[in-house]
Amino acid sequence: MKRRLLLVARVLAWIVGVLALLLALRAFLAPDWHEPPVAGLQATDVDALRPLVEPGLLDRPALAAQVSSKRFLLVGETHFRRETVDFFTGLMDELGDDRLVLLLELPGSTQPAIDRYLASGDEHEFDAIWGEVEALPLHGILRWAHANRDRVVEVVAMDEDSTRIFINRALLDDTRNETMARAMLEASKAHPDARIVAYAGAMHMMLGGRYRFDVDNRRPAGLRLLEAGIPREAVASLSLVGDDLPVKDAFASPAALDLRGTVGLLPFEDFYDYPVYGVSRIGELHTHIVYLGPLTRQETWTPGAPAE
């Protein structure tokens, strides 16, 4: 018995040693996280920026008018915030009766439950989304889609499942942006007369650069659309942000900002306190920034929760 226990202990020690070696190798090969440059805007800096910002400010109807001609509308949210979802559904209302395909940052495994919910409106189907997997709280968008079934041609869960994400990260890889871009392109081919509307984290929706790590697989989904041949003038990219916006004091009140003019030449660090590589100007990343003011936490849907 003692010999057997000793053998088991040696095997376990060997396994632990191999795992430790693999983790050390992964840490050695992992790309560095470089802290982003800090904008450090002072009051005098904001005063100087305000004349650049003010001419480009838009309310939601004006923003809708600007993006209404775009085939691809990419909307980047700040995760787990109620106001970003509310602004998005309001913007969709402002776009009128245009038919659209809606692609969401939800795991692909939730697609059957989404389809069943859209067909029935029965929120018990949400159990198979938020009751079984870890998903962003986008139930408000699904409710909007069900209420607007005459406009919404299809809703696509365009993200990867957590198992694939975990394995890729363990192997120092990331394919989520490629998966999202492919889903958008496939939707545009399947529905040539519909607007393609994608809603995901703001980093995924950028039109340039690389984020978090300075590696090729961190090229955002928006950039990959352009690389696939989609003309830039056919794409609008919006970033919905709150009080973490470094340049927020240049906004007299919540508003959208058109970045396609001179203001788009401002350093991206004035707008993002996050590592972004390969670009220098905010206009390289988005066509619009939408400052929503203070944001509140949006909790995920839970089984048994009443309809809002």
I'd like to know if [X] pairs up with [Y] as an ion pair, taking the criterion as any Lys NZ or Arg NE/NH1/NH2 lying under 4.0 Å from an Asp or Glu carboxylate oxygen.
X      : Y      : answer
Arg182 : Glu178 : yes
Glu125 : Arg116 : yes
Arg219 : Glu227 : yes
Lys70  : Glu233 : no
Asp174 : Arg218 : yes

Compare all side-chain heavy atoms of [X] with those of [Y] and state whether any distance is below 4.5 angstrom.
X      : Y      : value
Leu142 : Val155 : yes
Tyr117 : Ile129 : no
Leu100 : Arg151 : yes
Arg224 : Asn177 : yes
Tyr211 : Pro275 : no
Asp159 : Met180 : yes
Asp249 : Val46  : yes

message: Taking NE2 in His79 as the centre, count heavy atoms belonging to other residues, nucleotides or ligands within less than 6.0 Å. Is the count above 12?
response: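 Atom NE2 in His79 is crowded, with more than 12 foreign heavy atoms closer than 6.0 Å.
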query: Does CZ in Arg232 sit with more than 12 non-hydrogen atoms of other residues, nucleotides or ligands closer than 6.0 Å?
result: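 Yes, CZ of Arg232 has more than 12 neighbouring heavy atoms, counting only those of other groups under 6.0 Å.
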message: Looking at Phe80, I'd like to know if the NZ or CZ of Arg297 sits under 6.0 Å from its six-membered ring centre while staying within 45 degrees of the ring's axis.
response: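 Yes, cation above the ring, under 6.0 Å and within 45°.
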Smallest separation among heavy atoms of His286 and Leu238, with atom names: ND1-C, 4.2 Å
query: If you measure from CD1 on Ile282 to CG on Asp270, what distance do you get to the nearest 0.5 Å?
result: 8.5 Å
message: If the test is side chain to side chain contact (heavy atoms under 4.5 Å, CB included), which one of Leu74, Thr89, Thr84 qualifies with Tyr199?
response: Thr84
- request: Output all residues satisfying side-chain hydrogen bond (donor to acceptor under 3.5 Å, both in side chains) with Asp161, sequence neighbours left out; order by chain, then residue number.
  value: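 Applying side-chain hydrogen bond (donor to acceptor under 3.5 Å, both in side chains) to Asp161 gives Ser109.
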task: Using the test side-chain contact (heavy atoms from CB on, under 4.5 Å), find all partners of Leu52 that sit at least two apart in sequence or belong to another chain.
output: Leu49, Thr262, Leu266
